[in-house]
Undergrad: 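Let me give you the structure first, and then I'll get to my questions.
Below, chain A is the first sequence line, B the second, and so on; all start at residue 1. Keep in mind it's a predicted model, so treat the numbers as computed, not measured. Atom set for the values below is all heavy atoms of this structure, side chains included, hydrogens, waters and symmetry mates excluded.
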Amino acid sequence: MPSRLDRITRQRLEKLEELRARGINPYPPRFHRSHTTEQAIALLKQTEAGLTEDNEVSVAGRIMAKRPMGKVSFLDLHDNSGKIQLYCHRDLLSKDDLTLLKDIDIGDIIGISGKPFQTKSGEPTIEVKSLTLLAKSLQPLPEKWHGLSDVDTRYRQRYLDLIANPETKSIFQGRSQIITAIRQFLDQRGFIEVETPVLQPSAGGATAQPFVTHHHALDRDLYLRIALELHLKRLIVGGLDKVYELGRIFRNEGLSTKHNPEFTMLESYEAYADYNDVMNMLEEMVYQISQQVLGTDKVEFGEHTISFKPPWPRLELRQAVTEYSGIDFAQYPEADLLRAKMEAIGLEVDPQKNWARLVDELLATFVEPELIQPTFLLDYPVSMSPLAKTKPGRERVVERFEAFAGGMEIANAFTELNDPVEQRKRFMEQQKEHRAEEDEIEETIDEDFLLALEYGMPPTGGLGVGIDRLVMLLTGQTSIRQVILFPQLKEKP
RNA sequence: GGGCCGUUAGCUCAGUUGGCAGAGCACCUGACUUUUAAUCAGGGUGUCGCAGGUUCGAGACCUGCACGGCCUACCA
């Protein structure tokens, strides 16, 4: 028994053969359009204002609705710029075009030429003089006024989501504008954009599980990068004083509404800057982007309104954790002590976690969800931050900040550690701790990075921004999958 | 990984106490010269996510699995 879909598709395939039999190519190589639908409407307004006379246009796009009325047919044609109504009158079309019109289905891509006018009800319309089939559609489109709402299908067949839901299109247009605005902001400040390897012999610059792959010719395992950091700092050593990379990074960890295994990170490094300079730059950058892309510094996010207007509140991490969790981690300087205190207030704590990860858990559990308005938390324990420089006079604290908004971490930055001996020590401590935790992937120390530091890296301020999360905030989306065109999904059986 | 919820036509969704598988859109046939969620008349296309079980009888009840959503865990 054929399914309904098979039947519709079969009917359209038959139509396709009929078209070919009449000498019509259902997939012609080109069509030259003179106007987008938006431009055609603008032209119509000019004509009506008496500013121009000759107003024949040709437009092209997808047919999204068909309203046949005997001698007359109305069609809605959508293109990237918008939509316009087509008016097809039997007496104005050739015999061939009339036959073709009958064969046009919703979903087909066509090109037409004709004259724009306004109907009685004021709808911008083109009186069609000729039409051309540009691509026959063999599949029925999602329903016209509920759109496509099945989340699974929206992600798996994103093109249908884009056709059926205008909101989806505007999210990704927004994403593109945000990334353009970031580039403009950094370029104007004298940064240069660089590209560094995705395939690396060891994945460093963050603590996360990497993806492993294998290079056949070299017969060696390589890792997909988990951060951009170590290569960009090599470039600071090399004298590229202001660099940034907007790049995809990969972390072999769980999926959630805030996590996709591959995501886009902005990292920037500026020689002779420190984390205070970076803080100023970040709040100015996000503010300018929101002004440029949204025309405002305020966005609706879930049930909150977030304002990006600088300056953002700056709060010491210790103070914030104490305030929100009631635990002053500085009073519990050993993992066992802190774990006991956390268990005492009813937290379930993984006994594998070291002290730094326990502090991180306090931060994630009590503080992060509360930070709706943009906020900087500063001065992290050194054991949480192996790549950051210690704060003068405070051995256990580094010059590091994380920026939060909408209850999510959106940026991480520090005054970069440039002492090669100290850096080696920190790497080795980290390695020891991870061995104690029996991590699956053995951490290898990036010797080449340490060698680079030994040649001398100037004092530097570094920044990492999760672009997908920034896009979530600026477009008001609460799931990361809504801002990634093709998010990672399990395979459908 | 754990908990809760969901999966019925191409799409959006109903489906009562376990008793013939439904609607709208889309599609097909016809009418209609400014419609716009066009309207009117007619047509019905399904592995009820998958596999078992209970029952005279399962879309519905039970078990397992798959996929998705939300929460949670890891993380950015």
Side-chain angles (χ1 to χ4, degrees), chain A residues 1-12 14-15 64-76 83-92 105-107 117-125 127 137-157 160 163-165 205-209 226-227 249-267 348-350 352-353 357 360-361 363-365 368 402-404 408-412 439 464-470 472 478-481 487 489-493:
Chain A
M1 200 76 114
S3 74
R4 203 178 277 195
L5 179 61
D6 289 339
R7 189 180 51 85
I8 293 170
T9 303
R10 196 184 61 238
Q11 284 165 348
R12 294 212 181 172
E14 281 165 12
K15 220 179 249 186
M64 293 298 286
K66 213 181 162 185
R67 294 180 291 279
M69 296 193 45
K71 281 188 170 178
V72 165
S73 275
F74 292 93
L75 290 78
D76 289 343
K83 66 165 182 174
I84 197 160
Q85 177 170 259
L86 306 181
Y87 170 83
C88 301
H89 193 290
R90 187 181 290 177
D91 299 344
L92 297 171
D105 291 304
I106 290 173
F117 73 103
Q118 266 193 13
T119 61
K120 278 192 270 189
S121 54
E123 176 84 13
T125 304
E127 186 182 88
S137 169
L138 303 179
Q139 297 282 348
L141 285 181
E143 201 235 15
K144 65 183 165 193
W145 60 83
H146 295 101
L148 179 66
S149 61
D150 182 78
V151 180
D152 196 27
T153 311
R154 289 179 61 189
Y155 296 153
R156 284 181 205 277
Q157 292 179 276
L160 287 183
I163 291 169
N165 301 318
T207 53
Q209 291 290 322
I226 56 170
I249 68 179
F250 308 85
R251 296 189 177 179
N252 204 342
E253 283 158 2
L255 289 73
S256 81
T257 49
K258 296 185 175 67
H259 300 85
N260 195 63
E262 51 182 303
F263 62 103
T264 302
M265 182 88 117
L266 164 71
E267 287 194 28
E348 275 185 41
V349 187
D350 183 352
Q352 293 263 305
K353 280 188 179 173
R357 284 177 184 252
D360 201 47
E361 181 162 336
L363 170 63
T365 307
E368 190 169 341
E402 290 186 308
F404 297 85
M408 296 184 291
E409 182 194 334
I410 56 166
N412 178 24
D439 274 8
V465 181
I467 294 301
D468 309 274
R469 290 184 177 177
L470 186 62
M472 284 168 70
T478 50
S479 166
I480 199 167
R481 289 182 163 185
L489 299 171
K490 287 192 194 172
E491 206 170 332
K492 201 89 174 176

Undergrad: If you check the A:T119 side chain, which of B:rC27, B:rC28, B:rU35 turns out closest?
TA: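 Per side-chain heavy atoms of A:T119, the pick is B:rU35.
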Undergrad: Would you kindly check whether a donor in the side chain of A:E143 faces an acceptor in the base of B:rG24, or vice versa, at under 3.5 angstrom?
TA: yes
Undergrad: Within this structure, what is the CG-to-C1' distance between A:L148 and B:rG68, rounded to whole angstrom?
TA: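 Between C1' of B:rG68 and CG of A:L148: 14 Å.
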Undergrad: Looking only at non-hydrogen atoms, find the nearest pair between A:L255 and A:P261 and report the distance.
TA: CG-CD, 3.9 Å
Undergrad: What integer distance in Å separates A:Q85:CD from B:rA38:C1'?
TA: 10 Å
Undergrad: In terms of side-chain heavy atoms of A:M69, which of B:rC28, B:rU12, B:rU35 is nearest?
TA: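 Closest of the options to the side chain of A:M69: B:rU35.
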Undergrad: Work out how far the P atom of B:rA41 is from that of B:rC62, and round it to whole angstrom.
TA: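 Looking at atom P only, B:rA41 and B:rC62 are 43 Å apart.
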Undergrad: Once you round it to whole Å, what is the distance between C1' of B:rC11 and CG of A:D150?
TA: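 Whole-Å distance recorded here is 10 Å.
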Undergrad: For B:rC40, what is the paired nucleotide under Watson-Crick or G-U wobble rules, both distances under 3.5 Å?
TA: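 B:rG30 is the nucleotide pairing with B:rC40.
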Undergrad: Using a 4.0 Å heavy-atom cut-off across all strands, classify A:L160 as base, sugar-phosphate, or nothing.
TA: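 Since no nucleic acid heavy atom lies under 4.0 Å of A:L160, the category is nothing.
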Undergrad: Is the closest side-chain heavy-atom distance between A:F263 and A:I249 below 4.5 Å?
TA: yes
Undergrad: Partner lookup for B:rU63, please. Criteria are Watson-Crick or G-U wobble with both distances under 3.5 angstrom; report none if nothing qualifies.
TA: B:rA51
Undergrad: Less than 4.5 Å apart, side chain to side chain, heavy atoms only: is that true for A:T478 and A:T257?
TA: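 No, too far: nothing below the 4.5 Å cut-off.
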Undergrad: Counting any heavy atom closer than 4.0 Å, what does A:Y155 reach on the DNA or RNA strands: base, sugar-phosphate only, or nothing?
TA: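 The residue A:Y155 makes sugar-phosphate contact but no base contact.
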Undergrad: When you look at A:K66 and A:D105, which way does the salt bridge (Lys or Arg N to Asp or Glu O under 4.0 Å) test go after all the steps?
TA: CA-CA 8 Å; A:K66 213 181 162 185; A:D105 291 304; 5.6 Å; no
Undergrad: Distance between the P atoms of B:rC25 and B:rG64, in whole angstroms?
TA: 41 Å
Undergrad: What's the NZ-P distance between A:K258 and B:rC74, to the nearest Å?
TA: 14 Å
Undergrad: Go through B:rG68, B:rC28, B:rA76 for me and flag the one nearest to the A:D152 side chain.
TA: B:rG68
Undergrad: Now, which nucleotide makes the Watson-Crick or G-U wobble pair with B:rG68, with each of the two distances under 3.5 Å?
TA: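 Pair assignment: B:rG68 / B:rC5.
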Undergrad: Students often get this wrong, so: under 4.0 angstrom with heavy atoms, is A:E262 touching a base, only sugar-phosphate, or nothing?
TA: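 No contact at all - A:E262 keeps every heavy atom at 4.0 Å or more from the nucleic acid.
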Undergrad: Using purine N1 to pyrimidine N3 plus N6-O4 or O6-N4 for Watson-Crick, or N1-O2 and O6-N3 for G-U wobble, both under 3.5 Å, which nucleotide pairs with B:rU17?
TA: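 Partner of B:rU17: none.
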Undergrad: Rounded to whole angstrom, note down the P distance from B:rC71 over to B:rU35.
TA: 47 Å
Undergrad: 5'-most contact on RNA chain B: A:E368 or A:T478, nearest heavy atom basis?
TA: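 Result: A:T478.
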Undergrad: Return the value, rounded to whole Å, for the distance between atom CG of A:N260 and atom C1' of B:rG69.
TA: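 Roughly 16 Å, once rounded to whole Å.
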Undergrad: Taking donor-acceptor contacts at under 3.5 Å, does the side chain of A:S149 reach the base of B:rU12?
TA: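 No.
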Undergrad: Just so I know, are the side chains of A:Q157 and A:L148 near enough to count as touching, which here means a heavy-atom distance under 4.5 Å?
TA: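 Side chain of A:Q157 against side chain of A:L148, heavy atoms only: no contact under 4.5 Å found.
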Undergrad: B:rC74 pairs with which nucleotide, Watson-Crick or G-U wobble, both distances below 3.5 Å?
TA: none
Undergrad: Measure NZ/A:K66 against C1'/B:rU29 and give the value in whole Å, please.
TA: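 About 14 Å, once rounded to whole Å.
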Undergrad: Among the candidates B:rA76, B:rC32, B:rU33, find the nucleotide nearest to the side-chain atoms of A:P68.
TA: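 Selected nucleotide: B:rC32.
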Undergrad: When all nucleic acid strands are considered with a 4.0 Å heavy-atom cut-off, which category describes A:G464: base, sugar-phosphate, or nothing?
TA: nothing
Undergrad: May I ask you to say what A:L266 touches in the nucleic acid, namely base, sugar-phosphate or nothing, with a heavy-atom cut-off under 4.0 Å?
TA: nothing
Undergrad: Measuring from the side chain of A:I106 (C-beta onward, heavy atoms only), which nucleotide among B:rU12, B:rU35, B:rC27 has the closest atom?
TA: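 Closest nucleotide to the A:I106 side chain: B:rC27.
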Undergrad: Start at the 5' end of RNA chain B and walk down; is the nucleotide closest to A:E253 or to A:P142 reached first?
TA: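 The 5'-side residue here is A:P142.
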Undergrad: Does A:F250 reach a base, just sugar-phosphate, or nothing at all? Heavy atoms under 4.0 Å.
TA: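 Here A:F250 touches no strand at all.
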Undergrad: Given that both distances must come in under 3.5 Å, which nucleotide forms a Watson-Crick or G-U wobble pair with B:rA23?
TA: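 WC or wobble partner is B:rU12.
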Undergrad: Tell me what A:T257 touches on the nucleic acid: a base, only sugar-phosphate, or nothing, going by heavy atoms under 4.0 Å.
TA: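 Contact class for A:T257: sugar-phosphate only.
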Undergrad: If I take atom CG in residue A:D360 and atom C1' in nucleotide B:rA76, what distance separates them, rounded to the nearest angstrom?
TA: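 Rounded to the whole Å, the gap is 10 Å.
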Undergrad: Check every atom of B:rA76, B:rU33, B:rC28 against the side chain of A:Q11 and return the nucleotide holding the closest atom.
TA: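 In terms of side-chain proximity for A:Q11, the closest of B:rA76, B:rU33, B:rC28 is B:rC28.
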Undergrad: Can you tell me how far P in B:rC70 sits from the matching atom in B:rC13, rounded to whole Å?
TA: 16 Å
Undergrad: Is the phosphate of B:rC32, meaning OP1 or OP2, less than 4.0 Å from a side-chain N or O of A:K71?
TA: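 A:K71 to B:rC32 OP1/OP2: no side-chain N or O under 4.0 Å.
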Undergrad: Of the nucleotides B:rA76, B:rG69, B:rC11, which has the atom closest to the A:R251 side chain?
TA: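 Nearest listed nucleotide: B:rA76.
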Undergrad: For the C1' atoms, the ones on B:rU12 and on B:rU17, what distance do you get once it is rounded to whole angstrom?
TA: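 Pairwise C1' distance, B:rU12 against B:rU17, rounds to 28 Å.
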Undergrad: Please report the distance, rounded to the nearest Å, between CG in A:D105 and P in B:rG10.
TA: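 Rounded to whole Å, this separation is 17 Å.
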Undergrad: Would you say A:R67 reaches B:rU35's phosphate, i.e. side-chain N/O to OP1/OP2 under 4.0 Å?
TA: no
Undergrad: Please measure how far the P atom in B:rU29 lies from the corresponding atom in B:rC20, and state the result in whole Å.
TA: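 The same atom, P, in both gives a distance of 34 Å.
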Undergrad: Report yes if a side-chain nitrogen or oxygen of A:R156 is closer than 4.0 Å to either non-bridging phosphate oxygen (OP1 or OP2) of B:rG68; otherwise report no.
TA: yes
Undergrad: Say you pick atom C1' in B:rC11 and the same atom in B:rG30; how far apart are they, in whole Å?
TA: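 Taking atom C1' in both B:rC11 and B:rG30, they lie 26 Å apart.
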Undergrad: Determine the minimum heavy-atom distance between A:R154 and A:N165, stating which atoms define it.
TA: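 In this case the closest contact between A:R154 and A:N165 is NE-ND2, 3.7 Å.
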Undergrad: Looking only at N and O atoms, is any donor in the side chain of A:E123 or the base of B:rU35 less than 3.5 Å from an acceptor on the other one?
TA: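 Side chain to base: no pair present.
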Undergrad: Taking 4.0 Å as the cut-off, does a side-chain nitrogen or oxygen of A:K144 come that near to OP1 or OP2 on B:rC25?
TA: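 The answer is no; no side-chain N or O of A:K144 sits under 4.0 Å from OP1 or OP2.
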Undergrad: Carefully, step by step, assess A:T264 and A:D468 under the rule side chain to side chain contact (heavy atoms under 4.5 Å, CB included).
TA: CA-CA 6 Å; A:T264 302; A:D468 309 274; 3.9 Å; yes
Undergrad: Give me the distance, rounded to whole Å, that separates B:rG24 from B:rC40 when you measure between the P atoms they each carry.
TA: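 It comes out at 11 Å once rounded to the nearest Å.
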Undergrad: Quick check for you: among B:rU35, B:rC74, B:rA26, whose closest atom lies nearest to any side-chain atom of A:P140?
TA: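 When the side chain of A:P140 is considered, B:rA26 is the closest of B:rU35, B:rC74, B:rA26.
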Undergrad: Minimum heavy-atom separation for A:Q85 to A:T119, with atom names?
TA: NE2-CG2, 3.7 Å
Undergrad: Taking the side chain as everything from C-beta on, heavy atoms only, tell me whether A:R12 gets closer than 4.5 Å to A:Q139.
TA: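 No. Closest side-chain heavy atoms not under 4.5 Å.
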Undergrad: Hey, is NZ on A:K83 packed in by over 12 heavy atoms from elsewhere, all under 6.0 Å?
TA: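 Result for NZ/A:K83: open.
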Undergrad: Using a 5.5 Å cut-off between ring centres and planes within 30 degrees, is A:F263 stacked on the base of B:rA76?
TA: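 Yes, aromatic ring over the base.
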